[in-house]
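Input: a single structure, listed below in C-alpha cells.
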Amino acid sequence: MMIQDILSKLIMEALNQAKLGGKLPIDGIPEIMLEHPREKAHGDWATNIALVLASKVKMPPRAVAQAIVESLNDTQGYLEKIEIAGPGFINFYLSSKWLYEVLSLIKEQGQKFGHSKVGADQKILIEFVSANPVGPMHIGHGRWAAVGDTLANVMSASGYDVKREFYVNDYGNQMDIFAESVAVRYAELLGQDVPFPEEGYRGEYIKDIAREIIAKEGDKYMAISKEDRQEIFKERAYMQILEHLKHTLQGMGVAFDFWFSERALHELSLVKKTIEELRKRGYVYDSEGAVWFKASAFGEEKDRVLVRANGEPTYFAADIAYHKNKFGRGFDRVINIWGADHHGYVARMKAAIEALGYPPEKLEVIIGQLVNLLRGGEPVRMSKRTGEMVTLDELLEEVGRDATRFFFLMRSTDSPLDFDIELAKEQSNENPVYYVQYAYARISSIIRYAKAEGIDLSGEINYNRLETESELDLIKKLAEWPEILERVSRQRAPHPLTAYAQELAAVFHYFYTKCRVVGEDKELSTARMSLSEATRAVLKSVLNMLGVSAPERM
RNA sequence: GCGCCCGUAGCUCAGCUGGACAGAGCAUCGGACUUCUAAUCCGAGGGUCACAGGUUCGAAUCCUGUCGGGCGUGCCA
C-alpha cells in the first residue's frame with residue numbers, strides 16, 4: 001500500500017471521526033488530494049482538504065484543518081509531525097520508520113519495486129513507428145520508437161498486458177511507385193535513359209538496391225516486361241527494406257510482438273467486409289463513382305472516401321479494417337502513436353470506430369510533435385524531394401543508442417523536439433545521459449569496494465542508523481518511484497522518467513559527498529551499503545524502462 | 001478561414017485532476033579532490049509564466065478573446 005493511500009485513509013477516518021464528534025457538519029467526503037509540497041519546509045505531503053471543505057461547512061479553513069488534525073489517529077506511527085499552515089493546508093512529515101520500511105521493501109523486491117497491478121491485466125495494444133516499408137527510418141520515427149517502447153515497458157510494470165505492434169503499409173500506390181523507382185534506377189545503371197517518375201523515391205538507397213540486383217543477377221531483368229520487372233523488384237526491395245527496418249529497430253532496442261501487414265487485410269477481404277458492415281449500419285453511401293463514409297454523422301466536417309472512383313480502396317478504408325481487427329483480437333484498449341502530421345486523421349478514425357459499434361474512447365491516439373534535427377545549433381535541412389535526409393541509422397551510429405533514446409524521451413510528446421546531434425554526442429556535463437549513468441557507475445564502484453571490505457547485507461540491517469538529511473532525502477526520492485511509474489502509465493507520457501532519473505542521480509551524488517559508505521563503523525557502513533544497493537536497484541529500473549544501459553564502470 | 005499543439009529564466013524545457021514566496025538542466029560568476037569514480041558537489045545572480053479580460057477564497061494551470069510559432073485541413077499515406 002502506497003503512503004498516499006495510507007494518508008488518505010487516515011484523513012478519511014479523521015473526517016468521519018470529526019463528523020461524529022460534531023466538530024464538522026459535513027455530508028459527504030470529497031476526493032482527498034495529496035501532493036508533495038514544493039517547499040521542503042512544508043513537509044513531505046500536504047492536503048488542501050480543509051480549504052475545499054471550508055466553504056461547504058461555512059467555517060474558516062484553518063478551523064476545519066484543526067478539527068481534522070485533532071481527529072487524526074496515526075496508529076502505525078508513520079507520521080513524525082502534522083502541521084496546519086498557510087491558508088489551511090495540512091502538512092504531513094513522514095517518520096523515518098516509514099522510510100526504513102521503504103528500504104526493506106526495496107531490498108525484498110529489488111527491481112520489482114514500484115511495479116503494481118493498477119492495469120489489472122487489461123489487454124493493451126500499442127501501435128507505433130509503422131514506418132512505410134519504402135525507405136529507411138527517419139529521425140521522427142526514432143522518437144516514436146523510444147516513446148512507444150518505453151510506454152509499453154512502464155505499462156507492463158503497472159500490470160497491463162501490453163503488446164507492441166508495427167503496421168506495415170505494404171499495399172497500394174506507394175509500393176508501386178517504390179518498385180518503379182528501383183526499376184528505373186536499375187535501367188539507368190545499365191545505361192538506359194529513362195525518365196524518373198515524378199513522385200518517385202530519390203534516396204540513394206534506391207540505387208543501392210538496384211546495384212545489388214545487378215551485382216547478383218546482372219541485366220537479365222531487362223529481358224522481361226516492364227510490369228514483370230517491377231513486380232519482382234517490388235518484392236525484393238520490400239523484403240530488403242523490411243529487414244532493414246527491423247535492424248534499425250534492433251539498434252534502438254525495440255522488439256515488436258507483431259508485424260501486421262496491410263496487404264493481409266486486403267488479401268483476406270477484410271477491407272471489403274468492413275466496408276460492407278459499415279454499409280449495413282447505414283454509414284456508407286455511393287456518390288460520384290466513389291464509396292463514402294458518413295463521417296459527418298459523428299460531427300466531422302465532411303464525409304470521407306473509402307473506395308475511389310477507380311475501384312481502389314483508400315488507406316483510410318484499410319485502416320478502419322485494421323482497427324476493427326485490433327478490437328477483434330480482444331484488446332481492451334488500443335493506443336496509437338502518430339506524428340502531428342497525422343492529427344487531422346484522429347477524429348475520422350474515432351468516428352469510424354464508433355460507426356462499427358465500439359466505444360471511441362477505446363482508441364487512444366497519442367499525437368507527438370515532430371523532431372527538428374540540429375547540429376551545433378544549426379538546423380539540418382532535409383528534403384523528401386531530393387531524398388536527402390539523416391536516417392535513424394546514422395543518428396544511432398553517430399550518437400549511440402543510450403543518448404538517442406534518452407534525448408527522445410526527455411520532452412513531452414506535446415512539444416516539438418530539438419535534437420542537437422552535437423549536444424547528444426558530447427560526453428560532458430551538458431549531457432544528462434552521462435550524468436545519470438555516472439551515478440550508476442559510481443554506486444557500482446562503491447558496492448564493489450564495500451564488498452571487498454567485507455560489508456555484507458545478509459544479516460540484520462539497522463536502518464535507523466540512517467538519520468542525516470542527505471540519507472533521508474535519498475530514501476524519500478526512492479519512495480517516489482512507484483508514484484512516477486503510476487503517473488507515466490496513467491498519463492501515457494514517459495517523459496517524467498528522465499526527469500526522475502536525473503533527480504535520483506542528483507540526490508545520490510549529494511549523499512555521496514556527504515556520507516562515506518565504507519568506514520570504521522560496521523553497522524553504519526552496512527546500513528549505507530544497503531541504501532546504495534536500493535538506489536542501484538531503482539536506478540537500474542529507471543534505466544531499463546528508458547531502454548538505456550546501466551554501466552558498471554565509466 | 002477552420003481544427004489540433006505550443007508560447008514559463010540568456011538557451012532547452014518541467015510544472016500531475018487550480019493551491020502556500022514560480023522549478024530543473026545548461027550557460028555566466030565564485031568556491032570544494034591526501035579519503036569508496038571531480039563525467040561530481042556547494043553557493044550566487046537571473047522570470048510582468050506572450051497579452052487582455054473572466055471564473056475562484058486562490059490561476060502558469062480552467063473559460064473567452066488578441067498576438068506569435070508549428071502541424072493539419074486529398075478520391076496521398
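First the proteins, then the strands, lettered A, B, ... as listed; each starts at 1.
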Across the strands shown, which category fits [X] at heavy-atom distances under 4.0 angstrom: base, sugar-phosphate, nothing?
| X | value |
| --- | --- |
| A/Tyr510 | sugar-phosphate |
| A/Met410 | nothing |
| A/Arg304 | sugar-phosphate |
| A/His509 | sugar-phosphate |
| A/Pro416 | sugar-phosphate |
| A/Asp170 | nothing |
| A/Lys514 | nothing |
| A/Asp414 | sugar-phosphate |
| A/Leu51 | base |
| A/Ala450 | nothing |
| A/Ser445 | base |
| A/Glu300 | nothing |
| A/Phe316 | nothing |
| A/Ala347 | nothing |

Identify all pairs in which a protein N or O lies below 3.5 Å from an N or O of nucleotides 59-62 of chain B, and state each distance.
none

Angle between ring planes, [X] versus [Y], binned at 30° and 60°: parallel, tilted or perpendicular?
| X | Y | result |
| --- | --- | --- |
| A/Tyr167 | A/Phe260 | tilted |
| A/Trp259 | A/Phe166 | parallel |
| A/His138 | A/His141 | parallel |

Please check the phosphate of [N] (OP1 and OP2 only) for any side-chain N or O of [X] closer than 4.0 Å.
| X | N | result |
| --- | --- | --- |
| A/Arg308 | B/A77 | yes |
| A/Tyr345 | B/C4 | no |
| A/Ser412 | B/C5 | no |
| A/Tyr315 | B/A77 | no |

Under the rule syn = chi within 90° of 0, otherwise anti, which is B/C16?
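B/C16: anti glycosidic orientation.
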Of all the choices, [options], which nucleotide is nearest to the side chain of [X] once you look at every atom?
| X | options | value |
| --- | --- | --- |
| A/Arg411 | B/U37, B/C13, B/A77 | B/C13 |
| A/Ala85 | B/A39, B/U40, B/A20 | B/A20 |
| A/Val518 | B/C36, B/U17, B/G74 | B/C36 |
| A/His343 | B/C75, B/G72, B/C13 | B/G72 |
| A/Tyr512 | B/A77, B/U37, B/G70 | B/U37 |
| A/Ala340 | B/C71, B/A39, B/A20 | B/C71 |

Would [X] and [Y] pass as an ion pair if we require N to O under 4.0 Å?
| X | Y | value |
| --- | --- | --- |
| A/Arg375 | A/Glu398 | yes |
| A/Glu165 | A/Lys326 | no |
| A/Arg487 | A/Glu483 | no |
| A/Asp456 | A/Lys451 | no |
| A/Arg279 | A/Asp286 | yes |
| A/Lys81 | A/Glu83 | yes |
| A/Asp418 | A/Arg411 | no |

Just checking, is any N or O donor in the side chain of A/Ser530 or A/Glu533 under 3.5 Å from an acceptor N or O on the other one?
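Per modelled atom types, A/Ser530 and A/Glu533 side chains form no pair under 3.5 Å.
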A/Tyr238 and A/Asp170: side chain donor to acceptor below 3.5 Å
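Indeed, the side chains of A/Tyr238 and A/Asp170 share at least one donor-acceptor pair under 3.5 Å.
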Determine the Euclidean distance between corresponding [atom1] atoms of [M] and [N]; express it in Å to zero decimal places.
| N | M | atom1 | result |
| --- | --- | --- | --- |
| B/U64 | B/G46 | P | 37 Å |
| B/A22 | B/C49 | C1' | 7 Å |
| B/G53 | B/C13 | C1' | 29 Å |
| B/G25 | B/C21 | P | 22 Å |
| B/C26 | B/C62 | P | 30 Å |
| B/A59 | B/G19 | C1' | 9 Å |
| B/U73 | B/G54 | C1' | 31 Å |
| B/G7 | B/G45 | C1' | 25 Å |

Where each residue is assigned the nucleotide of RNA chain B containing its nearest heavy atom, which of A/Glu301 and A/Phe89 is assigned the position nearer the 5′ end?
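Here A/Phe89 is the residue nearer the 5' end.
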Quick check on RNA chain B: between A/Arg553 and A/Gln174, whose nearest nucleotide comes earlier from the 5' end?
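Upstream on the strand: A/Arg553.
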Mind running salt bridge (Lys or Arg N to Asp or Glu O under 4.0 Å) on A/Glu486 and A/Arg490 for me, showing each step along the way?
CA-CA 6 Å; A/Glu486 197 193 316; A/Arg490 202 181 59 240; 3.7 Å; yes
To the nearest Å, give me how far apart [atom1] ([X]) and [atom2] ([N]) are.
| X | N | atom1 | atom2 | answer |
| --- | --- | --- | --- | --- |
| A/Asp456 | B/C36 | CG | P | 22 Å |
| A/Arg442 | B/C33 | CZ | C1' | 11 Å |
| A/Leu409 | B/A14 | CG | C1' | 15 Å |
| A/Tyr440 | B/A39 | OH | P | 19 Å |

Contacts to RNA chain B from residues 485-501 of chain A, heavy-atom cutoff under 4.0 Å, which residues?
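Correct list: A/Arg487, A/Arg490, A/Gln491, A/His495.
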Please check if the number of heavy atoms outside A/Glu552 that lie under 6.0 Å from its CD is greater than 12.
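More than 12 heavy atoms, drawn from other residues, nucleotides or ligands, come within 6.0 Å of this atom.
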Is the aromatic ring centre of A/His342 closer than 5.5 Å to the centre of the six-membered base ring of B/A77, with the two planes inclined by less than 30°?
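A/His342 ring centre within cut-off of B/A77 base, planes near parallel; stacks.
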Kindly state whether the pair A/Tyr435 / B/A39 counts as stacked, where counting means centroids closer than 5.5 Å and planes tilted less than 30° apart.
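No.
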Can you find a donor-acceptor N/O pair under 3.5 angstrom joining the side chain of A/Asp341 to the base of B/A77?
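Check fails, no donor-acceptor contact within cut-off.
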Show me the dot-bracket string of RNA chain B, counting Watson-Crick or G-U pairs under 3.5 Å, with | for pairs to another strand and [ ] for crossing ones.
(((((((..((((.....[...)))).(((((.......))))).....(((((..]....))))))))))))....
Determine whether the aromatic ring centres of residues A/Phe128 and A/Trp144 are separated by less than 6.0 angstrom.
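No, too far apart.
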When A/Arg528 is tested against each of A/Ile455, A/Val518, A/Leu466, A/Ile446 for side chain to side chain contact (heavy atoms under 4.5 Å, CB included), which residue passes?
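Going through A/Ile455, A/Val518, A/Leu466, A/Ile446 one by one, the side chain to side chain contact (heavy atoms under 4.5 Å, CB included) with A/Arg528 is satisfied by A/Leu466 alone.
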